[in-house]
Undergrad: 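Please read through the structure below; I'll follow up with questions.
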Amino acid sequence: MIGQHMRHRLCALTTFFALGAASLGAGSATAAQPASESGRFEVYFAGLKAGEVRFAMTRENGQYAATGRVKSSGLIAAIARFRYRADVTGRVNGDSYAPLRYEESLDTGRRSSATR
């Protein structure tokens, strides 16, 4: 079983990767040109579906919004329920992103938390 600390680190790294991948795709658009990208990945462990990672990002008129979701699914969800959500909005100038608002929530079935 994965420890609580390791779950938090895995969740943060996965969300960081997903939001970073979205920003790379949107980085080639000019500030006035709208851009959006989204993705969905299924995670497998020992051949069993363990979870799902989703991300979406939009960029328009010098503003951006991004969201990332991680959740357990399949047989793994019956054993270890896990949900993580992160949302961020802010300003963008070229390839530089400045967050203005960040929210996250975590629910492991045993513990839940929210950060703003």
Side-chain angles (χ1 to χ4, degrees):
M1 186 64 66
I2 298 174
Q4 193 70 11
H5 180 68
M6 187 58 140
R7 283 184 185 191
H8 287 281
R9 293 183 76 184
L10 176 63
C11 202
L13 288 172
T14 303
T15 303
F16 177 76
F17 171 75
L19 296 178
S23 69
L24 287 176
S28 61
T30 64
Q33 180 182 7
S36 66
E37 183 157 349
S38 63
R40 179 179 168 269
F41 302 93
E42 292 181 346
V43 179
Y44 288 84
F45 180 73
L48 298 173
K49 185 174 179 185
E52 184 176 285
V53 177
R54 291 178 184 245
F55 72 90
M57 180 174 179
T58 58
R59 177 179 160 169
E60 185 173 10
N61 298 324
Q63 304 289 315
Y64 76 96
T67 185
R69 307 277 192 266
V70 179
K71 72 174 189 170
S72 58
S73 61
L75 286 175
I76 301 298
I79 299 168
R81 189 178 106 196
F82 182 81
R83 291 180 187 268
Y84 178 79
R85 175 188 61 82
D87 297 298
V88 62
T89 59
R91 294 188 183 114
V92 62
N93 185 8
D95 290 336
S96 177
Y97 292 80
L100 297 174
R101 183 185 61 83
Y102 174 81
E103 294 181 27
E104 75 174 32
S105 65
L106 170 71
D107 181 3
T108 66
R110 293 185 182 144
R111 185 178 81 82
S112 62
S113 66
T115 303
R116 193 168 213 191

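Below, each value reflects all heavy atoms present in this structure, side chains not excepted, and no hydrogens, waters or symmetry copies. The first residue of the sequence shown is numbered 1, and numbering continues consecutively from there.
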Undergrad: Determine whether Val43 and Lys49 make a side-chain contact, defined as any pair of heavy atoms from C-beta on separated by less than 4.5 Å.
TA: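 Of all side-chain heavy-atom pairs linking Lys49 with Val43, none is under 4.5 Å.
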
Undergrad: Walk me through it: do Glu104 and Arg85 pass the test salt bridge (Lys or Arg N to Asp or Glu O under 4.0 Å)?
TA: CA-CA 5 Å; Glu104 75 174 32; Arg85 175 188 61 82; over 6 Å; no

Undergrad: According to salt bridge (Lys or Arg N to Asp or Glu O under 4.0 Å), who are the partners of Arg91, at least two apart in sequence or on a separate chain?
TA: none

Undergrad: Under the rule for side chain to side chain contact (heavy atoms under 4.5 Å, CB included), what residues qualify as partners of Ala77, not counting sequence neighbours?
TA: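 With neighbours one apart ignored, the set is Ser72.
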
Undergrad: Go through the steps for Asp87 and Arg116 under the test salt bridge (Lys or Arg N to Asp or Glu O under 4.0 Å), then give the verdict.
TA: CA-CA 10 Å; Asp87 297 298; Arg116 193 168 213 191; over 6 Å; no

Undergrad: Quick one about Arg40 and Ser38 (side-chain donor to acceptor, distance below 3.5 Å, no hydrogens or angles considered), yes or no?
TA: no

Undergrad: With clusters defined by side-chain heavy atoms of hydrophobic residues (ILVMFWY) lying less than 4.5 Å apart, directly or transitively, does Tyr44 cluster with Leu75?
TA: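 Different hydrophobic clusters.
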
Undergrad: When rounded to the nearest 0.5 angstrom, what distance separates OH in Tyr97 from CD in Gln63?
TA: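 Interatomic distance, Tyr97 OH to Gln63 CD, rounded to 0.5 Å: 12.0 Å.
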
Undergrad: Are any non-hydrogen side-chain atoms of Val70 and Phe82 less than 4.5 angstrom apart?
TA: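 The answer is yes, as the side chains (C-beta and beyond) meet within the 4.5 Å cut-off.
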
Undergrad: Test of understanding: with side chain to side chain contact (heavy atoms under 4.5 Å, CB included), list the residues that count as partners of Lys71, not counting sequence neighbours.
TA: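 Lys71 satisfies side chain to side chain contact (heavy atoms under 4.5 Å, CB included) with Glu52, Arg83 only.
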
Undergrad: Please list, chain by chain and in numerical order, all residues satisfying side chain to side chain contact (heavy atoms under 4.5 Å, CB included) with Phe45, sequence neighbours excluded.
TA: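 Result, side chain to side chain contact (heavy atoms under 4.5 Å, CB included) vs Phe45: Ala50.
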
Undergrad: What do you reckon, is CG of Leu48 surrounded by more than 12 foreign heavy atoms closer than 6.0 Å?
TA: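 More than 12 heavy atoms, drawn from other residues, nucleotides or ligands, come within 6.0 Å of this atom.
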
Undergrad: May I ask whether Phe41 and Tyr84 are part of the same hydrophobic cluster, defined by side-chain heavy atoms of I, L, V, M, F, W, Y residues being less than 4.5 angstrom apart, directly or through others?
TA: yes

Undergrad: Report the residue from Leu100, Thr58, Val88 that forms a side chain to side chain contact (heavy atoms under 4.5 Å, CB included) with Tyr64.
TA: Val88

Undergrad: Under the rule for side chain to side chain contact (heavy atoms under 4.5 Å, CB included), what residues qualify as partners of Thr89, not counting sequence neighbours?
TA: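 Thr89 satisfies side chain to side chain contact (heavy atoms under 4.5 Å, CB included) with Ala65, Arg101 once adjacent residues are dropped.
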
